Visitor: 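Would you mind keeping the following structure in view while I ask a few things?
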Amino acid sequence: MSSSYRSWQGLNNRLPTTNDQLQVRVDPLQGDLDEEIHVLHSKVRNLRGVAEAIETESKYQNELLNQLESAVTKAQAGLKNTMTRLNRSIIQNGSNHLLHVILFALLCFFLVYLWSKLFR
C-alpha cells in the first residue's frame with residue numbers, strides 16, 4: 001500500500017514510511033489557500049461576534065434573574081408578615097370571621113339564583 005490517495009481540494013496524503021508521522025503535501029494548482037484562509041478567518045470573526053453577543057445577553061438575563069429573585073424574596077417576606085398579623089388578629093378577635101365568610105357565600109349564591117330566575 002505505498003500508493004497515495006487524493007483528498008479534498010488538492011491535499012495529498014502519503015502513508016508514513018518508518019515512523020508514525022502523517023505527511024501532507026499541498027498541491028497549489030488545485031486550490032487557492034489564501035482565499036480559503038481568508039474565508040475561514042471571516043467565519044471565525046463572525047463566530048466570535050456571535051459568542052460575544054451570547055455572553056452579553058447571558059449577563060443581562062442573569063442580572064434580570066437576580067433582580068427578579070430579590071423581588072420575590074421581598075414579596076415572600078411581606079406576605080409572611082401579613083399572614084402573621086392576620087393570624088394574630090383572628091386569634092385576638094375570635095373566630096367570627098368564618099361565620100361571616102359562610103354567610104357572604106350563601107348571600108352570593110342566593111343572589112345568583114334569583115338573577116337566573118328573573119332574567120330567563
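Note that the structure is predicted; figures quoted are calculated from it, not measured. Basis for what follows: all heavy atoms, side chains included, without hydrogens, waters or symmetry-related copies.
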Visitor: When you measure from the side chain of T84 to the backbone N and O of K80, does any donor-acceptor pair fall under 3.5 Å?
Guide: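 Yes; judged by distance alone, with no hydrogens or angles, the pair exists.
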Visitor: Is any side-chain heavy atom of L99 closer than 4.5 Å to a side-chain heavy atom of L103?
Guide: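 Yes, at least one pair of side-chain atoms sits under 4.5 Å.
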Visitor: Between I54 and E57, is there a side-chain heavy-atom distance shorter than 4.5 Å?
Guide: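 Heavy-atom side-chain distance check fails, nothing below 4.5 Å.
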Visitor: As a test of understanding, state which of L68, N62, L64 forms a side chain to side chain contact (heavy atoms under 4.5 Å, CB included) with N66.
Guide: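 One option only clears the test, and that one is N62.
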Visitor: Measure the CG-CG distance between L79 and L86 for me, rounded to the nearest 0.5 Å.
Guide: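 L79 CG to L86 CG: 10.0 Å, rounded to 0.5 Å.
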Visitor: Rounded at 0.5 Å granularity, tell me how far OG in S58 sits from CG in L65.
Guide: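 Reported to 0.5 Å precision, the distance equals 11.0 Å.
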Visitor: For atom CD of E52, decide whether the heavy atoms of other residues, nucleotides or ligands shown that lie under 6.0 angstrom number more than 12.
Guide: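 Yes, enclosed.
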Visitor: Rounded to the nearest 0.5 Å, what's the gap from CZ on R48 to CZ on R45? Could you check?
Guide: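 With rounding to 0.5 Å, CZ (R48) is 10.0 Å from CZ (R45).
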Visitor: Side chains of F110 and L114: does their closest heavy-atom pair fall under 4.5 Å?
Guide: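 Yes, side chains in contact.
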Visitor: Can K59 and E55 be counted as an ion pair, charged N to O under 4.0 angstrom?
Guide: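 E55 and K59: salt-bridged.
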Visitor: With rounding to the nearest 0.5 angstrom, report the SG to CG distance, C108 to L106.
Guide: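 The distance works out to 9.5 Å.
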Visitor: Working to the nearest 0.5 angstrom, can you tell me the gap between H41 NE2 and N46 CG?
Guide: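 Separation between the atoms: 10.0 Å.
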